[in-house]
Amino acid sequence: MIFKSTDQSGWKTDMELYGYFHLNKNQFLETSLGANYTNNSYTYGYKEPNYSTLTDSKEDLYDFSVNVN
């Protein structure tokens with residue numbers, strides 16, 4: 001008898017901010033900020049008479065970036 005099962009889910013959220021500021025008549029400051037968060041889960045099971053495997057993983061991924069000109 002062979003058995004196989006897979007289940008997965010995930011979601012992602014992100015944010016981006018941007019600013020452009022005049023400091024005086026010849027200068028400016030340009031900034032951007034980005035951030036995101038991802039949450040994933042994955043479950044996999046497989047079984048046959050002489051072999052079996054089970055994976056149950058969860059991950060949280062974070063990303064953050066800043067740019068200033």
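Computation of the quantities below employed the complete heavy-atom set of this structure, encompassing side-chain atoms and omitting hydrogens, waters and symmetry-equivalent molecules.
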According to ring-ring contact (aromatic ring centres under 6.0 Å, His included), does anything in residues 44-69 pair up with another residue at least two apart or in another chain? List the pairs. Y37-Y62
When rounded to the nearest 0.5 angstrom, what is the spacing between CD in E16 and OG in S65? 7.5 Å
Rounded distance (nearest 0.5 Å) linking atom CG of D7 with atom OG of S41: 6.5 Å
What's the shortest heavy-atom distance between P49 and M1, and which atoms? CD-O, 3.8 Å
Is it the case that atom CG in N50 sees more than 12 heavy atoms from other parts of the structure closer than 6.0 Å? no
Min side-chain heavy-atom separation V68-L29 under 4.5 Å: yes
Just verifying a value: how many Å separate I2 CD1 and E48 CD, rounded to the nearest 0.5 Å? 5.5 Å
Roughly how far, to the nearest 0.5 Å, is OH of Y18 from OG1 of T31? 8.0 Å
Check against salt bridge (Lys or Arg N to Asp or Glu O under 4.0 Å), K58 and D56: CA-CA 7 Å; K58 295 178 182 11; D56 186 11; 3.6 Å; yes
Side chains of K12 and N36, heavy atoms from C-beta outward: is any pair under 4.5 Å? yes
What pairs with K25 under side chain to side chain contact (heavy atoms under 4.5 Å, CB included), at least two apart in sequence or on another chain? none
Out of curiosity, F21 CZ to E30 CD, how far, rounded to the nearest 0.5 Å? 10.5 Å
Could you give the distance from CG (N39) to OG1 (T13), rounded to the nearest 0.5 Å? 11.5 Å
